[in-house]
Amino acid sequence: MKKLGFGLMRLPLLDPNDADSIDIEQVKKMVDVFLQRGFTYFDTAWMYCNFNSESIVKTALTERHPRESFTLATKLHDAFFHSMEDRDKVFYAQLEKTGAGYFDYYLLHGIESGTYPKYEEFDCFNWLLQKKEMGLVRHAGFSYHDNAELLDEILTKHPEMEFVQLQMNYLDWDSEWIQSRACYEVATKHGKPVIVMEPVKGGTLSSLPEDMDALLKAKRPDMSASSWAVRFAATPENVMVVLSGMSNMEQLMDNTCYMQDFVPLDDAEQALVKQVADRLRQSIAIPCTGCAYCTTGCPQRIAIPQYFSLYNDDMRETVVKPWTANFPRYADLAKKFGKAADCIGCGQCESVCPQHLPIISHLHSVSERFDR
């Protein structure tokens with residue numbers, strides 16, 4: 001298997017402010033090119049793209065290509081089952097939505113200290129093995145968002161799990177909270193191959209400040225910022241595949257170009273991305289990856305990831321100006337969504353954030369900047 005996977009969480013939209021307006025024809029073209037270039041791994045989940053991603057899989061992939069020509073992964077998230085029966089309701093609905101017949105990879109989704117007890121309470125590990133015995137799942141594993149110590153505990157208790165999906169990128173590699181390196185080392189110790197999510201950290205590592213981008217361009221003028229991030233994530237030997245959420249054909253063409261004949265980062269390149277990471281860490285006010293889990297169920301319909309992105313752009317200014325081009329962008333979004341000031345502090349967003357961000361506090365900061 002080539003080391004690049006197509007993450008179906010950030011698909012092209014006809015309207016950037018409408019998560020339901022997926023450009024299906026564009027997705028079909030992207031799927032076709034991805035397969036034509038020899039890549040096979042597709043990753044979706046129940047709630048991706050406002051619950052539309054798995055249906056798009058059927059329209060763009062399974063109804064148009066032979067089942068043996070691709071591998072498909074999807075997931076069970078703790079927010080969508082509350083009984084033993086619910087697990088099956090979700091699973092069989094996923095089979096129907098995707099039209100896949102079976103899943104090559106199936107994951108218990110987003111395990112961390114707060115969600116892990118629920119997966120144990122509802123016996124989800126054994127449930128997943130039963131699906132494998134039935135031939136409905138080829139490989140059983142889980143995605144993970146917590147520290148290395150808990151990961152070691154889970155893999156020790158559940159050696160039957162075949163792989164782990166981890167957040168890995170050069171910004172989080174030595175992060176005290178994300179612990180990408182430490183978690184990777186635990187998975188490797190247990191002999192579990194790693195699938196990488198968030199290699200470009202929700203686009204942060206695709207759109208670098210000019211001075212940091214210039215450092216990379218000086219070394220490899222032909223390579224995009226994204227290519228450095230994806231290649232970094234794919235370089236460790238125990239990485240099986242790196243997922244990239246590609247939202248247009250340009251991104252797909254770029255990724256498939258340099259990953260067709262993948263070349264790992266050498267020592268000099270590793271040192272260079274570490275230098276960029278050190279600089280970048282000082283410039284990011286809110287380390288949001290833009291996954292948008294927080295917006296589903298927000299009672300105020302606040303465009304949280306978009307507001308955080310605008311705020312980060314403002315905070316990168318060398319001098320905090322009284323007005324920037326981000327103010328009208330914020331105003332345009334606020335016409336369609338709730339303002340940052342509309343946050344009622346219910347905590348729904350913080351309960352599902354994979355990065356464990358203090359979203360309510362950050363929204364207050366956004367409001368102080370833009371709600372004038």
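As the structure is a computational prediction, the values presented were derived from the model and not from experiment.
Ring to ring, F80 and F51 are close: their centroids are under 6.0 angstrom apart. For Y144 and Y116, the distance between ring centers is not under 6.0 angstrom. Less than 6.0 angstrom separates the ring centroid of F308 from the ring centroid of H362. Side-chain rings of Y105 and Y41 approach one another, their centers coming within less than 6.0 Å. Ring-centre distance between F70 and F34: not below the 6.0 Å cut-off.
Heavy-atom neighbours of K29 NZ from other residues, nucleotides or ligands within 6.0 Å: at or below the threshold of 12. Open room surrounds CD on E237; 12 or fewer heavy atoms of other groups in view lie less than 6.0 Å from it. More than 12 heavy atoms of other residues, nucleotides or ligands shown are found within 6.0 angstrom of CD on Q260. Surrounding CG of D266 are more than 12 heavy atoms belonging to other residues, nucleotides or ligands, all under 6.0 Å away. More than 12 heavy-atom neighbours from other residues, nucleotides or ligands sit within 6.0 angstrom of CG on D222. Applying the 6.0 Å contact sphere to NZ of K192 captures more than 12 heavy atoms from other residues, nucleotides or ligands. The 12-atom threshold is exceeded at CD of E63, counting heavy atoms of other residues, nucleotides or ligands nearer than 6.0 Å.
Under a hydrophobic-cluster definition in which Ile, Leu, Val, Met, Phe, Trp and Tyr are linked whenever side-chain heavy atoms come within less than 4.5 Å, directly or via other members, F232 and M197 are assigned to different clusters. Side-chain heavy atoms closer than 4.5 Å link hydrophobic residues (I, L, V, M, F, W, Y) into clusters, and following such links, possibly through other members, connects V242 to L205.
Between the Y184 side chain and the N238 main chain, a donor and an acceptor come within less than 3.5 Å of each other. Under a 3.5 Å cut-off, the side chain of S226 and the backbone N or O of S206 do not form any donor-acceptor pair. Side-chain atoms of D172 never come within 3.5 Å of backbone atoms of N169 as a donor-acceptor pair (strictly under, hydrogens ignored). Without hydrogens or angle criteria, R64 side chain to V31 main chain gives no donor-acceptor distance under 3.5 Å.
Using a cut-off of 4.0 Å between Lys/Arg side-chain N and Asp/Glu carboxylate O, E198 and R10 are scored as salt-bridged. In summary, R67 and D104 engage in a salt bridge, as defined by a charged side-chain N under 4.0 Å from a carboxylate O. Ion pairing between K274 and D278 holds under the 4.0 Å rule for side-chain N and carboxylate O. Checked for salt-bridge contact, R301 and D342 miss the test: no charged N lies under 4.0 Å from a carboxylate O. A salt bridge links E25 to K28: at least one charged side-chain nitrogen sits closer than 4.0 Å to a carboxylate oxygen. Using a 4.0 Å cut-off between charged side-chain N and carboxylate O, E160 and K132 make no salt bridge. In this structure, D152 pairs ionically with K189, as a charged nitrogen and a carboxylate oxygen lie closer than 4.0 Å.
To the nearest 0.5 Å, atoms CE (M168) and OG (S175) are separated by 13.0 Å. Atom CG of residue L252 and atom CZ of residue R37 lie 7.5 Å apart, to the nearest 0.5 angstrom.
Residues G110 and T115 share a closest heavy-atom pair of O-OG1, 3.1 Å. Nearest heavy atom pair, residue L357 against residue C288, reads CD1-CA, 3.9 Å. When all heavy atoms of P199 and A233 are compared, the closest pair comes out as CB-CB, 3.9 Å.
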ask   = Does the pair F370 and Y307 meet the rule for a ring-ring contact (aromatic ring centres under 6.0 Å, His included), with working shown?
value = CA-CA 9 Å; F370 292 114; Y307 291 164; 7.9 Å; no
request  = Begin with the C-alpha distance, continue with both residues' side-chain angles, and end with the deciding distance and a verdict on side chain to side chain contact (heavy atoms under 4.5 Å, CB included) for Q179 and L151.
outcome  = CA-CA 11 Å; Q179 297 188 8; L151 180 60; over 6 Å; no
request  = Go through the steps for F6 and D43 under the test side chain to side chain contact (heavy atoms under 4.5 Å, CB included), then give the verdict.
outcome  = CA-CA 6 Å; F6 195 156; D43 173 88; over 6 Å; no
request  = Using the side chain to side chain contact (heavy atoms under 4.5 Å, CB included) rule, take K2 and L4 through it: C-alpha gap first, then chi angles, then the decisive distance, then the call.
outcome  = CA-CA 6 Å; K2 290 184 182 290; L4 178 69; 5.6 Å; no
message = Between E54 and Q94, does the side-chain hydrogen bond (donor to acceptor under 3.5 Å, both in side chains) criterion hold? Intermediate values first, please.
response = CA-CA 7 Å; E54 290 175 327; Q94 289 174 309; 2.9 Å; yes
task = Take Y330 and D371 through the side-chain hydrogen bond (donor to acceptor under 3.5 Å, both in side chains) test and state the conclusion after the steps.
result = CA-CA 9 Å; Y330 177 86; D371 289 324; 2.6 Å; yes
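You'll find the side chain of Y119 reaches within 4.5 Å of the side chain of H109, heavy atoms only. Considering only heavy atoms from C-beta on, M161 stays 4.5 Å or farther from L107 through its side chain. Residues V164 and H190 form no side-chain contact, since every pair of their non-hydrogen atoms from C-beta on lies 4.5 Å or further apart. For the pair I56 and C49, the minimum side-chain heavy-atom distance is 4.5 Å or more.
Taking the ring axis of F91 as reference, the NZ or CZ atom of K131 stays within 45° of it and closer than 6.0 Å to the ring centre.
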